[in-house]
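When reading the values below, keep in mind they use all heavy atoms of this one structure, side chains included, and skip hydrogens, waters and symmetry mates.
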Amino acid sequence: MAESTIKLTIKFGGRSIPLSVSPDATTKDLKSLLQPITNVLPRGQKLIFKGKVLVETSTLKQSLVGDGAKIMLMASQGLHQGEGPVLKEASTRPISRTTVDKTKPALVVDKNRSGRWKATGVIALSQANLKEIPEEVWDCGSAARVLDIRENFIREVPARISSFVSIHKLFLQGNGLSDESIQWEGIASLKRLMLLSLSHNNLTVLPSEVGSLTSLRQLDVANNKLTSLPNEIGLLTQLEIFKANNNRITSLPESIGDCSFLMEVDLSANMLSELPETVTKLRKLKTLELNNTGLTSLPSALFKMCLQLSTLGLHNTEITVESLRQLEGWGEFDERRRTKHQKQIDFRVVGSGQFDEGADKSW
């Protein structure tokens with residue numbers, strides 16, 4: 001009786017990755033299994049067994065790979081998702097704090113500064129070595145318009161942040177915040193909030209409460225550990241800029257198509273394998289960055305429906321120029337792209353106006 005599965009050990013970057021697969025699986029199938037585990041795109045993987053490179057179309061059985069076999073994985077530089085191949089337990093890349101000295105005491109808040117905060121509505125406390133939000137900050141209450149506590153060591157964003165009923169901008173990036181650090185019921189009550197930055201933290205979940213922020217224009221959750229996005233993101237109908245690059249997101253909710261004001265979306269360096277067709281409902285979309293993902297195709301009506309799209313990033317994906325040219329609306333998109341290229345040529349030396357496999361990087 002044939003074996004239903006065989007156990008393999010993949011050697012990669014000092015790791016030993018155990019896998020159970022069918023002996024009838026091809027080398028291509030094995031590479032697809034390894035992609036989410038290693039962050040290495042299939043075309044960047046070279047699998048070596050007993051000194052020989054495994055052929056893409058051959059089955060493991062045909063390659064004489066049996067139970068208990070050890071296979072070496074070599075990754076081509078650049079053909080990976082995220083910040084690089086996962087060589088060990090991944091951690092969020094810390095934001096640079098070149099001006100922060102951990103040895104100096106936290107910033108002392110004086111009364112004059114508190115008065116200025118109330119007068120201007122701007123509470124600026126970035127890179128201040130803070131471990132908690134100072135009590136004097138809460139005294140600003142409804143006078144606060146902007147709270148900037150980026151690049152500190154804040155351990156908690158408490159529910160009392162709801163007292164900032166007039167706040168428009170909230171900068172929380174680079175604090176190492178975990179899911180437990182944020183009391184989302186407080187943030188969710190900020191009905192006038194237009195910008196929320198949570199990048200460079202350690203978040204694994206973006207909760208459904210984010211859908212309550214219906215005035216939001218910009219949302220930045222890049223460089224975290226998110227694996228998914230909530231369906232409630234579709235309630236952010238005023239959202240214009242959405243950055244979720246450098247996470248571990250495997251799919252997008254179809255509700256993303258309800259964010260009808262979106263103009264700029266960055267989903268680069270995620271584990272995406274496809275986009276929902278509802279992306280074509282984003283009629284105001286101008287920039288779509290999808291670099292370093294597992295995408296093999298785009299929604300067929302993307303160019304036809306998204307008539308303002310002029311920047312498309314597809315570096316290090318399986319999508320080729322030839323496949324893009326088959327999509328309806330390609331010619332019009334390429335014309336918009338070239339026009340934008342030409343307008344900016346005075347500010348940057350451009351080697352070619354032709355569309356490369358990676359599309360165009362944002363300028």
Would you call [X] and [Y] a side-chain contact if the rule is heavy atoms closer than 4.5 Å?
{"X": "K31", "Y": "E56", "value": "yes"}
{"X": "L170", "Y": "F164", "value": "no"}
{"X": "K118", "Y": "D139", "value": "yes"}
{"X": "F303", "Y": "L312", "value": "yes"}
{"X": "L19", "Y": "I37", "value": "yes"}
{"X": "T214", "Y": "T237", "value": "no"}

Please collect all side chain to side chain donor-acceptor pair (under 3.5 Å) contacts where either partner lies in residues 153-165, sequence neighbours excluded, each pair once.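 Checked against side chain to side chain donor-acceptor pair (under 3.5 Å) - neighbours excluded - the pairs reaching residues 153-165 are E135-R160.
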
Report the residue from E335, E328, R336 that forms a side chain to side chain contact (heavy atoms under 4.5 Å, CB included) with E332.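 The side chain to side chain contact (heavy atoms under 4.5 Å, CB included) with E332 is passed solely by R336 among E335, E328, R336.
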
Using side chain to side chain contact (heavy atoms under 4.5 Å, CB included) as the criterion, point out the one residue from I71, D29, I10, V40 that pairs with L34.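 The residue from I71, D29, I10, V40 that satisfies side chain to side chain contact (heavy atoms under 4.5 Å, CB included) with L34 turns out to be I10.
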
Any luck finding a side-chain donor-acceptor pair between Q173 and S197 under 3.5 Å?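 S197 and Q173 do have a side-chain donor-acceptor pair below 3.5 Å.
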
Identify the two heavy atoms, one from L236 and one from L213, that lie closest to each other, and give their separation to 0.1 Å.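 Heavy atoms only, the tightest pair is CD2-O, 3.2 Å.
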
Before giving the answer on side chain to side chain contact (heavy atoms under 4.5 Å, CB included), spell out for V221 and F242 the whole-Å C-alpha distance, their side-chain angles and the decisive distance to 0.1 Å. CA-CA 8 Å; V221 292; F242 179 48; 4.1 Å; yes

